[in-house]
Amino acid sequence: MTAKKIIEDCEDLYNDLDFTSVKTWKEKTGGKAIGYLPVYVPREIIHAAGMLPVGIMGGGPNLEIIKGDAYFQSYICHIPRSTIELGLLNKLDCMEGFLFPAICDVIRNLSGMWQILFPEKYVRYLDLPQNFDKEIGGEFYRHEMEQLLHDLEELSGNKVTPEKLNRSIGLYNKNRQVIDKLYAMRVAQPHLVLTSDLYLLLRAGNVMDVEDHTRLLEGYMAEVVKEDRKKFDNIRVIVSGAFCEQPPLALIKGLEASGCYIVEDDWVLGARFLQKDVPITADPLEALSDAYLNDSVSTSSKYEDEKEKGKYLVDQVKMLNAGGVIFCAPSFCDPALLERPMLTAALEREKIPHTSFKYAENTGQFSMFREQTGTFADSIKLWGEA
Amino acid sequence: MKKITPAPVAQKDIEKEESMILQKKMIGDHFKRLCTAKEAGKKVVYTFVPGNINELIWALDMLPVHPEINALQSAMRKKSGDYVMEAEKHGHSEDVCTYVKCDIGMLKKGNIGPTGEKLPEPDLLLLSYTGCFTFMKWFELLKQEYKCPVVMLQVPYQANGKIEPKMTDYVVRQLKEKVIPALEQVAGKKLDMNRLSALLESSARAEEDLVAVWDSAKNRPSPIDAYFGGVYYVGPIFSAFRGLPECEEYYKLLRAEVEYRVRHKLGPVTPEGVMKEEKYRIVVEGPPNWTSFREFWKMFYDEGAVVVGASYTKVGGYYDRGFRHDPEKPLESLANYCLGCYTNHNLSSRIDILEKHIKDYDADGFVINSIKSCNSFSAGQLMMMRELEERTGKPGGFIESDLVDPRYFSAANIKNRLESYFQMIEAKRQAAA
């Protein structure tokens, strides 16, 4: 299959709000599916219970919101209203359970709404630790995961042994390794691995079995090198702030078309949340907990005590030879927007250019974004700073 | 403690109730202490209202500062608009919490507190992460400004509507291994557990009196307004004073005044005197608007509407179901206090609390004041309204404003909505009759 065809298939998955691939997987395996909201949940546990973890990232640009708007005021971000819309349209019926990780007050409260609106479903708010000591936050997180594991065993009827969990950990390690390779490939050849391709590949992982997804990524990487893609005089940029509600695909394409090669981003961040392999040990829950505490990404939904704020972003800019940073955050997103002044301060200390704008997942007008980022790219090209 | 005898309240001087005078003095004295803290060698701890652990701060002879209180005081003094815009000039989004922006703006403009004097810089930022994600970012932001240590106390969310032992254990462990050592280091002394217990014992007594004040709203007429008056009643216990003798004294006095009003069948005290006629009994969900607080309140009392129950006055401590700080189990009870604050309850529990208020206080309906920049409260309120209407059969009203950003208080819109809402209650009554 050509790279182009792979991406076309991924785009079909992206556009499929009926989650057909999830239904197909269920028919094929007889297993159950668990939906999860951004940013991160330990998918290994769901997988080890013989279930399919399904990343839910709202309704995107193609869903007309009718019922969802009646549940949220205009000043609340878009993802909860489109997620409610999907639920009320029975589009999420193929999932037996839902996980709401602790990332902000809106997703937290959405978990409570889900408990009330869909009482027949398994609903769990996954409280992630903000204390990163193994003996304190680690122990709390272990309790959370033990409860989740217990619940999923009951729901699936499958016992999760350490062996099964380790096998799942191994599969997700492999998946993350391949994603890392894909990202490295884009850093080296951003004209070849288009960000819109990469994005669709990651989104496909939300609704596929992990092994199939890994094969898909490997297939793309093997094929894309055969493509003859023109290299443009684009500026290398990092995009930050889009870790939960996702920008429309057309916006991502628009950023690239405006003269930017995106060499790092934080969308579909859950797929890359753990930055190292989770070790295979006799105590896999401990290994997952340690990985979260010690080896997870810096992002605004996590508390940072000792670390210097924004250092990771500055380091990324330097390491990836990026010309600047585009803060691209959803409107009314507390974590991203409260973080932004701290990140911009860190960039300014290093004289790194940046620009920012807000979007909603159903934003339909892109010309102003293209103009803004195009000007940003031009100014860096011309003067080396925005 | 001196014996308190409430003076009869005459119509003409009701604004000068003794408890109000006492509270004003307490606050004034506290700000004076803060302004001279550095000269007096006192350490200052900034912390938040929900999940505050004041007793620990006081037990180590340090002084607490609550940034939300500064923000709301700035709003009531009409200063918050400038502060919010100052923060926006420094790159803060128009979309986010205006308490944060008011605080940052105040800091950028010299950190002049509500009394007109400069507030001391913190020696420690005690981040009680209870029921509000924004708190975490807020102190990350302040850390950039002050370069002082931060200690985090994460309070797990009551996602299943109950406090589980592992939650209490997690908070206690953080208190023992993180928070108390950090406080001790800044204070330069070890924590005296006996002193802490004595403070908690005092807290429990004040809490008992506060609950009696809330209960008084079951009377007709209600002697209190549990929202507009209520935010004053929670002033001492939610802010710097819980655990101190003057806090106990305040609540004894307040309770006595309220009991006096019950005996004399007097309504609540409003800025324009004792409310004469109680036409509507309302429960309110959500924080008030602070920039036009008096105007907002007037929209209620002009219509004869008294608020008999409110969720906002449970945000810094929820005592109605019997929780009291326990000197015998100091750290566990501090943990359970934090876990029990209103916005740390899941949506079902919040609906339960409001439903109980509506029933217990025999309310005619409820109003949700949805705050633009407070997702912790606001996300889900439209569904809460539907659920409450279904469960209670009482009409719900929905209005929108903001905490401390005057740009988001549209008086005419809110007044129109409230008037229509009260007319709807009236129409329902007439239909039922």
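Throughout, a chain's letter reflects where its sequence line sits, starting with A, and its residues are numbered from 1.
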Checklist entry - Considering only heavy atoms, which portion of B:Cys132 lies under 4.5 Å from any heavy atom of chain A: side chain, backbone, both, or neither? => result both
Next on the checklist: Given heavy-atom pairs under 4.5 angstrom as the criterion, report whether the side chain, backbone, both or neither of A:Leu128 touches chain B.
Outcome noted: backbone
Item to check | Option in B:Phe139, B:Tyr170, B:Trp138 with maximal non-hydrogen atom pairs under 4.5 Å from chain A | outcome: B:Tyr170
Checklist entry - Picking from A:Ser356, A:Ser331, A:Ala345, A:Pro335, which has the most non-hydrogen pairs under 4.5 angstrom with chain B? => result A:Pro335
Checklist entry - So do B:Lys178 and A:Asp133 actually touch side chain to side chain, heavy atoms under 4.5 Å? => result yes
Checklist entry - Roughly how far, to the nearest 0.5 Å, is the CG atom of A:Asp334 from the OG atom of B:Ser373? => result 8.5 Å
Next on the checklist: If the contact rule is any heavy atom under 4.5 Å from chain B, which residues of residues 135-152 of chain A qualify, in numerical order?
Outcome noted: A:Glu135, A:Ile136, A:Gly137, A:Glu139, A:Phe140, A:His143, A:Glu144
Item to check | Best-contacting candidate, B:Met152, B:Gln174, B:Glu140, against chain A by heavy atom pairs under 4.5 angstrom | outcome: B:Glu140
Item to check | Close side-chain approach of B:Val150 to A:Tyr303, heavy-atom, < 4.5 Å | outcome: yes
Checklist entry - Between B:Asn346 and A:Arg108, is any pair of side-chain heavy atoms under 4.5 Å apart? => result no
Item to check | Residue pair B:Ala159 / A:Tyr125: nearest heavy atoms and the distance that separates them | outcome: CB-CB, 3.5 Å
Item to check | Euclidean distance, A:Leu337 CG relative to B:His92 NE2, rounded to 0.5 Å | outcome: 11.0 Å
Checklist outcome for this item: So, the part of B:Ile371 with a heavy atom under 4.5 Å from chain A: the answer is backbone
Checklist entry - Any idea which of B:Met384, B:Gln381, B:Met383 has the most non-hydrogen atom pairs under 4.5 angstrom with chain A? => result B:Met383
Item to check | Close side-chain approach of B:Leu382 and A:Gln73, heavy atoms under 4.5 Å | outcome: yes
Item to check | Heavy-atom pair of closest approach, residues A:Ile76 and B:Ala379 | outcome: CD1-CA, 3.5 Å
Checklist entry - Does atom NZ of B:Lys356 have more than 12 heavy-atom neighbours from other groups under 6.0 Å away? => result no
Item to check | Minimum side-chain heavy-atom gap A:Ser300-B:Lys137 below 4.5 Å | outcome: yes
Checklist entry - Among B:Gly91, B:Gly380, B:Ser348, B:Ser378, who wins on heavy-atom pairs under 4.5 Å with chain A? => result B:Ser378
Checklist entry - Checking B:Ile351 against chain A: side chain, backbone, both or neither under 4.5 Å from a heavy atom? => result side chain
Checklist outcome for this item: Contact list (residues 109-121 of chain A to chain B, heavy-atom gap under 4.5 Å, by number) returns A:Asn109, A:Gly112, A:Met113, A:Gln115, A:Ile116, A:Leu117
Item to check | Between CD on residue A:Gln130 and CE on residue B:Met136, distance to nearest 0.5 Å | outcome: 4.0 Å
Next on the checklist: Less than 4.5 Å to any heavy atom of chain B: does that hold for the side chain of A:Thr344, its backbone, both, or neither?
Outcome noted: neither
Item to check | Side chain / backbone / both / neither for A:Asp127 at chain B, heavy atoms under 4.5 Å | outcome: side chain
Checklist entry - Is B:Glu94 salt-bridged to A:Lys358, going by a charged N under 4.0 Å from an acidic O? => result yes
Item to check | Portion of A:Pro129 that has a non-hydrogen atom of chain B nearer than 4.5 angstrom | outcome: both
Checklist entry - Can you say whether B:Lys143 sits under 4.5 Å from chain A via the side chain, the backbone, both, or neither, judging by heavy atoms? => result side chain
Next on the checklist: Please rank A:Cys333, A:Pro341, A:Cys77, A:Ala329 by heavy-atom pairs under 4.5 Å with chain B and give me the top one.
Outcome noted: A:Pro341
Checklist outcome for this item: Scanning both residues in full, the closest heavy-atom pair of A:Ala70 with B:Arg386 reads O-NH2, 3.3 Å
Next on the checklist: Taking side chain as everything from C-beta outward and backbone as N, CA, C, O, which of these in B:Leu127 sits under 4.5 Å from a heavy atom of chain A? Side chain, backbone, both or neither.
Outcome noted: side chain
Next on the checklist: I'd like to verify something: which residue of A:Ser74, A:Ser301, A:Ala102 has the highest number of heavy-atom pairs under 4.5 Å with chain B?
Outcome noted: A:Ser301
